[in-house]
Amino acid sequence: MDLKDLKKVGRPAILLSFVPASFEILGVMVFAPLLLGVSLMDAAILGAVLGAVSPAVVVPRMITLIHDKFGTKKGIPQLVLAGSSVDDIYALILFSSFLSLSQSGEFNLINLLSLPLSILSGVLIGFLSGYLLSKFFEKIHLKPLIQVLILLSLSFVLVSIEDSFANLPFSGILAVMSLAIMLYRQIPEQAEKISQLYNTLWIPGEIFLFILVGASVNIQYAFSAGFLPILVILFALGIRMIGTWLSLIGTDLDSKEKTFTLIAYLPK
């Protein structure tokens with residue numbers, strides 16, 4: 001991703017990071033108690049689970065569009081990519097807060113307040129790491145494969161920091177994303193080669209990911225739930241699309257481009 005493209009996108013990307021998910025959570029809180037008979041609190045938890053965009057689906061597709069220069073003049077794939085990355089963090093923090101409220105009866109305001117800190121610290125640490133790594137690559141010339149291994153290792157470190165320090169408001173995903181953005185800004189030619197190798201790595205990675213997802217699903221349990229949960233999801237997605245559309249008001253996107261963004265923001 002190019003920082004210039006992100007600056008072009010601006011306000012809509014910020015709105016997309018929380019407005020559609022908020023609409024979807026509210027939608028689940030309305031329809032789940034009516035159709036499934038669950039409590040409002042359980043509906044809020046379910047909404048937070050459903051509210052997150054699937055990065056495994058959205059991210060590689062948007063990166064493909066960026067590489068193919070499709071929709072990049074108006075920054076459409078960059079808009080979806082940036083917004084959906086923060087959307088996941090927003091939904092996860094709300095999930096933790098709702099779960100805490102359900103278990104203890106107390107809403108964990110600290111979790112909610114940690115959201116801006118998680119975003120800010122993740123972006124700053126990522127930019128700093130990317131800047132230092134770009135200087136390292138400029139001074140020490142390594143093969144692209146070695147650069148990928150170093151970048152991959154550093155990415156694992158950043159993500160593990162988030163997992164190891166639960167009380168530290170820090171987003172490892174945003175840190176990794178910011179790290180790569182800074183690399184592209186500082187050393188675009190080398191970053192392009194790294195990107196091509198990462199695309200190759202994603203081919204087996206995607207297979208492993210979806211095999212694990214499929215192996216985790218209890219088909220019999222899913223079928224036993226019946227058709228009503230599907231209705232809840234469909235109604236909530238419809239409300240989510242309203243939130244996405246509102247986030248795009250004031251942009252220069254035409255109706256077809258807005259419709260594409262609505263669909264691109266649906267995968268679960």
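Judged as a ring-ring contact (aromatic ring centres under 6.0 Å, His included), not a single pair has a partner in residues 47-72 (not counting sequence neighbours). Identified under the salt bridge (Lys or Arg N to Asp or Glu O under 4.0 Å) test for residues 53-73, with sequence neighbours left out: Arg61-Glu206. The stretch residues 211-232 participates, sequence neighbours left out, in no ring-ring contact (aromatic ring centres under 6.0 Å, His included) pair at all. Sequence neighbours left out, the pairs with a member in residues 242-261 that pass salt bridge (Lys or Arg N to Asp or Glu O under 4.0 Å) are Lys74-Glu257.
In this structure, the separation between CD on Gln78 and CG on Leu65 is 9.5 Å, given to the nearest 0.5 Å. Put simply, OG1 on Thr261 and CG on Leu266 are 10.5 Å apart, with the number rounded to the nearest 0.5 Å. Interatomic distance, Leu262 CG to Phe260 CZ, rounded to the nearest 0.5 Å: 10.5 Å. Between the CG atom in Leu92 and the CG atom in Asp87 there is a gap of 11.0 Å [rounded to 0.5 Å]. From Leu152, atom CG reaches atom CG of Leu201 across 7.0 Å, with rounding to the nearest 0.5 Å. For the atom pair CD1 of Ile146 and CD1 of Ile140, the computed distance is 12.5 Å after rounding to the nearest 0.5 Å.
The cluster map of Ile, Leu, Val, Met, Phe, Trp and Tyr, joined by side-chain heavy atoms under 4.5 Å apart, puts Trp202 and Phe208 in different clusters.
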Without placing hydrogens or testing angles, list every side-chain donor-acceptor pair under 3.5 Å for residues 41-48, not counting sequence neighbours.
unit_1: Asp42; atom_1: OD2; unit_2: Ser39; atom_2: OG; d: 3.3

Compile the donor-acceptor pairs under 3.5 Å between side chains in residues 26-36 and protein atoms, sequence neighbours left out, one pair per line.
none

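Contact between Leu248 and Pro12 at its shortest, heavy atoms only, is CD2-CB, 4.5 Å. Closest approach of Ser160 to Val157, counting heavy atoms only: OG-O, 2.7 Å. Residue Ile249 comes nearest to Arg11 through the heavy atom pair O-NH2, 2.7 Å, listed as atom of the first residue, atom of the second, then distance. His141 and Glu138 make their closest contact through CE1-O, 3.4 Å (heavy atoms, listed as atom of the first residue, atom of the second, distance). Of all heavy-atom pairs spanning Leu79 and Ala13, the tightest one is CD1-N, 3.3 Å. Listed here is the closest heavy atom pair of Ser178 and Gly122: OG-O, 4.3 Å.
Within the 4.5 Å cutoff, the side chain of Leu179 has heavy atoms near those of the Leu151 side chain.
With sequence neighbours excluded, the residues forming a salt bridge (charged side-chain N to carboxylate O under 4.0 Å, His left out) with Lys268 are Glu24, listed by chain and number. For Glu192, there are no salt bridge (charged side-chain N to carboxylate O under 4.0 Å, His left out) partners at least two apart in sequence or on another chain. For the side chain to side chain contact (heavy atoms under 4.5 Å, CB included) test, residues two or more places apart in sequence or in another chain that qualify with Val49 are Phe95. Evaluation of the side chain to side chain contact (heavy atoms under 4.5 Å, CB included) rule for Gln190 yields Phe137, Gln147, Ile187 as partners, not counting sequence neighbours. With sequence neighbours left out, Leu132 forms a side chain to side chain contact (heavy atoms under 4.5 Å, CB included) with Leu128. Applying the side chain to side chain contact (heavy atoms under 4.5 Å, CB included) rule to Ile242 yields the partners Phe23, Leu246; only residues at least two apart in sequence or on another chain are considered.
For the side-chain contact (heavy atoms from CB on, under 4.5 Å) with Tyr265, the qualifying choice from Val58, Leu237, Thr244 is Thr244, the only one to do so.
Judged by distance alone, with hydrogens and angles left aside, the side-chain atoms of Ser216 form a donor-acceptor pair with the main-chain N or O of Leu212 at under 3.5 Å. Using modelled atom types, no side-chain atom of Asp88 and backbone atom of Ser54 make a donor-acceptor pair closer than 3.5 Å.
In this structure, a donor-acceptor pair under 3.5 Å is present between the side chains of Ser22 and Tyr90.
Summarising the local packing, OH of Tyr198 is surrounded by more than 12 heavy atoms from other residues, nucleotides or ligands at distances under 6.0 Å.
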